[in-house]
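The analysis underlying the following values was restricted to heavy atoms, covering all of them including side chains, and did not include hydrogens, waters or symmetry mates. We name chains A, B, ... by the order of the sequence lines, and we start the count at 1 in each one.
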Number of protein chains: 2
Amino acid sequence: MAEPGARDRMIDGAAVLLAKRGLQGASFSEVLEATGAPRGSIYHHFPGGKDELVAAAIARVSERTLARLTELGGSATSLTEGFLGLWRALLDRSGLTAGCAVVAVSVAASDDLLDRAGTVFREWTAHLAALLEEAGVAPARAASFAVLLISATEGAVVMARAQRDLAPFESVAATLMASARDLDADAAS
Amino acid sequence: MAEPGARDRMIDGAAVLLAKRGLQGASFSEVLEATGAPRGSIYHHFPGGKDELVAAAIARVSERTLARLTELGGSATSLTEGFLGLWRALLDRSGLTAGCAVVAVSVAASDDLLDRAGTVFREWTAHLAALLEEAGVAPARAASFAVLLISATEGAVVMARAQRDLAPFESVAATLMASARDLDADAAS
DNA sequence: GTCTATACGAAGATAGAC
DNA sequence: GTCTATCTTCGTATAGAC
């Protein structure tokens, strides 16, 4: 019952290609080559064509990110460490050749896909802010730190990748971790 | 003497299209249509093809950014305000449809162009750090704040554009301005 | 410096057989 | 569900005339 996996593999493959080579690099040919999925069933699985595939890919990236954030819970420090860890792992695993699939879509997509990317960022921001509040951070500070954490991390990933050097990422990570410790200290008092 | 302007217009046009539509959106056809430049002279002006045009475009964006930063000088506060102002103006002028051309190249380019984008980020970071030091900020703090300012701003531009809402940018801007005031306060003491 | 014409390949998408 | 074949559009790039 349900799909045997071809559709799933295509979605994951598209997510990887978006992260590594951008929207134009995530062509059907590339996705099929990377996943071994059958060419004949592209439009069976994705009647909406490439946009539908890309939308599914960034939705999956979003869900996974949200799920991992939830597991982190606890303090502002652990949330920040965990969020940074997700992107550090992406850079490490790829040898600094991959970035964020959502960012890749945000800079070169149709209006519909741009909207979906915006929704992903809103979800991440809201989820992070809610978890920070659970950790005892005041709502206003939780909201502004959530936006800063996401934007600075995403920007740092872009810089580290372009410079082929993890240094800018680690510099930003250290600064954000210091801020997170301040949040926890204030929450405890 | 020198070029009458066709080459210059193409470079500027490419920069605008990169910012608005990404690398694949900055095709020769689009650039020619946007600038009115003659199709027959593309490879006269850019023997290296598209990569050479894109390289020239992000180099020009970089130069302009560096020049404007130099004009700002003064304090950490004025530098931060000015840097944020450059990107706020970009978002405003375009109705939140344009982003940073260098980021667009960083997520979807050839190795050579990726290197050039990395060089741009290094130049911005070094220049900002140097100006912060002139403003009395300690070298280590100047370096880390320069990286944070660039990465957070770039990330915020991506988020604001995707969400079609300036709010995330302004939230990040407020946080960065508060940090800049701290730097100035410490520099004065 | 600019033109037309064109070669070449890649990409998205569709049709119809199996 | 998957295949092959094909269509169309587009983008890069080249050649040679003006």
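For A:Y43 and D:dT6, the OH to P distance is 18 Å, given to the nearest whole Å. The separation between A:I42 atom CD1 and D:dA5 atom P is 16 Å, rounded to whole Å. Protein atom NZ of B:K50 is 8 Å distant from nucleotide atom P of D:dG11, rounded to whole Å. As rounded to whole Å, 13 Å separates atom P of D:dA13 from atom CG of B:L32.
Shown here for A:A142 and A:L132, the closest heavy-atom pair between the two residues is O-CD1, 3.6 Å.
Not counting sequence neighbours, the partners of A:A26 by the side-chain contact (heavy atoms from CB on, under 4.5 Å) test are A:L17, A:L18. By the side chain to side chain donor-acceptor pair (under 3.5 Å) test, A:R64 is found to be paired with A:D12, residues two or more places apart in sequence or in another chain being considered. For the side-chain contact (heavy atoms from CB on, under 4.5 Å) test, residues two or more places apart in sequence or in another chain that qualify with A:K50 are A:L23, A:F28, A:V54. When the side chain to side chain donor-acceptor pair (under 3.5 Å) test is applied to A:D182, no partner is found at least two apart in sequence or on another chain. With sequence neighbours excluded, the residues forming a side-chain contact (heavy atoms from CB on, under 4.5 Å) with A:T125 are A:A146, A:V147, A:I150, B:M159, listed by chain and number. Considering only residues two or more places apart in sequence or on other chains, A:S78 meets the side-chain contact (heavy atoms from CB on, under 4.5 Å) condition with A:S75.
Within the 4.5 Å cutoff, side-chain heavy atoms of A:R161 are placed close to those of B:V107.
Of all the residues in residues 16-25 of chain B, not one reaches under 4.0 Å from DNA chain D with any non-hydrogen atom.
Taking only side-chain nitrogens and oxygens, A:S29 never comes nearer than 4.0 Å to OP1 or OP2 of C:dA10. Residue B:S41 places at least one side-chain N or O closer than 4.0 Å to OP1 or OP2 of C:dT2.
Of the candidate nucleotides D:dT12, C:dG12, D:dC3, D:dT12 has the atom nearest to the side chain of B:F28. Taking every side-chain heavy atom of A:H44 into account, D:dG1 is the closest of D:dG11, C:dG12, D:dG1. Looking at the side chain of B:H45, the nearest of the listed nucleotides D:dT2, C:dT2, C:dG12 is C:dT2.
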Name the atoms and distances for all side-chain donor-acceptor pairs under 3.5 Å in residues 32-43 of chain B, with sequence neighbours left out.
unit_1: B:T35; atom_1: OG1; unit_2: B:V31; atom_2: O; d: 2.7
unit_1: B:T35; atom_1: OG1; unit_2: B:A37; atom_2: N; d: 3.2
unit_1: B:S41; atom_1: OG; unit_2: B:P38; atom_2: O; d: 3.2

List, one per line, each side-chain donor-acceptor pair under 3.5 Å for residues 167-175 of chain A, sequence neighbours excluded.
unit_1: A:E170; atom_1: OE1; unit_2: A:R88; atom_2: NH2; d: 3.0
unit_1: A:E170; atom_1: OE2; unit_2: A:R88; atom_2: NE; d: 2.7
unit_1: A:T175; atom_1: OG1; unit_2: A:S171; atom_2: O; d: 3.1

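One axis for each end of the helix from C:dG1-D:dC18 to C:dC18-D:dG1, each built from five base pairs, and the angle between them comes to 0° at 10° resolution.
Each of B:D51 and B:G40 lies near DNA chain D, and the nucleotide nearest B:D51 is the one positioned closer to the 5' end. Checking A:P47 against A:S27, the closest nucleotide of DNA chain C that is more toward the 5' end is the one next to A:S27.
Grouped by direct or indirect side-chain proximity (heavy atoms under 4.5 Å, Ile/Leu/Val/Met/Phe/Trp/Tyr only), A:L114 sits alone.
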Could you pull out the protein-nucleic contacts involving nucleotides 5-9 of chain C (nitrogen or oxygen on both sides, under 3.5 Å)?
none

